[in-house]
Amino acid sequence: MHHHVYTQPCVIEITQPTALTLCLPDSVSDLLVLSSMGNPLVEFVVSQVNHTQATLIIRFQPFLTSIFEHSQSFVDTRKQQRCIGQAIKLYPSMGIAPRVCIEQLRKGLTINIHADENVYFNLPADARFELVTLENDLRLLSEPQALVMAKAILGRKFDYDEPSNMLAVHISELEQVRRDLRDYLSGESGKIHPGVSTELLKLDHLLQNKHQWLLHTYHQSLERPNLGRPSNEQLYNIEQLQRKLDCFELLAPKDLSDMVNQLCDDDF
């Protein structure tokens, strides 16, 4: 299903406990990653297992970089077990803002892997991602995903003092959530409960208000670098320069003033 979003598969040999660290290069834009957060980031398929050795077939999202390092064995109740022929995928956690997941990828996300007759995968306790087995990869909740994401982004507190490039990411994220809401409403027209439809419309209106406020803040950040400075600062500077020029004309000799005026007339 997701063949179009992955790189070519690679074969990895696991001979001892291994830590796979996923990172986002600085050259990769947040906007590019934002558009791909609905897809699995990594897919593992167990090809062979022989005691503590295993062969994995792995496919990544093309914008990710990966580092394999040996690590200590781990014991954790959150680990996922896979055997020969089974697969597992890494997804952003449901209900978590994509921006938070992107920040964690910037810092580096580590997946611990080790083999012991089967292959075990484990994420850190603070991970904003989840490992989903192939047979359970339904990505369905009691509420539509569009509704869950809309509630999550409405519950976030934006820092309106952030630089303009970060505000642009927030604006794009809001637009994407609103687009998902509209697509869900149009695609499920007549199939969803009227109460859910009404709630989706209310959320879309609230998202629109938040989008307008963010857009206003974004334009202000482009027009003036510091919100604490007056918006008419340029005009103020021009008036101040004009007063300085008038003072120079009063203090300068008449022949010098006539010469400057003549030069200005020649330029025009």
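Note that the coordinates shown come from a computational prediction; the quantities given were computed from them, not determined experimentally.
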Any side-chain heavy atom of [X] within less than 4.5 Å of one from [Y]?
X: Q16; Y: T52; answer: no
X: R99; Y: D30; answer: yes
X: L22; Y: L90; answer: yes
X: I171; Y: H211; answer: yes

Rounded to the nearest 0.5 angstrom, the CG-NZ distance for L174 and K210 is 7.0 Å
Can you measure from CG (L131) to CZ (F44) and round to the nearest 0.5 angstrom? 7.0 Å
Should L109 and F63 be counted in the same cluster of Ile, Leu, Val, Met, Phe, Trp and Tyr side chains packed under 4.5 Å apart? yes
Ion pair E175/R182, N-O distance below 4.0 Å: no
Which class fits the ring pair F68 and F60: parallel under 30°, tilted 30 to 60°, perpendicular over 60°? perpendicular
Are the side chain of R82 and the backbone N or O of A87 linked by a donor-acceptor pair below 3.5 Å? yes
Can you tell me if Q86 uses its side chain to pair, donor with acceptor, with the backbone of C83 under 3.5 Å? yes
Of L134, N136, N39, V45, the residue whose pairing with K89 passes side chain to side chain contact (heavy atoms under 4.5 Å, CB included): L134
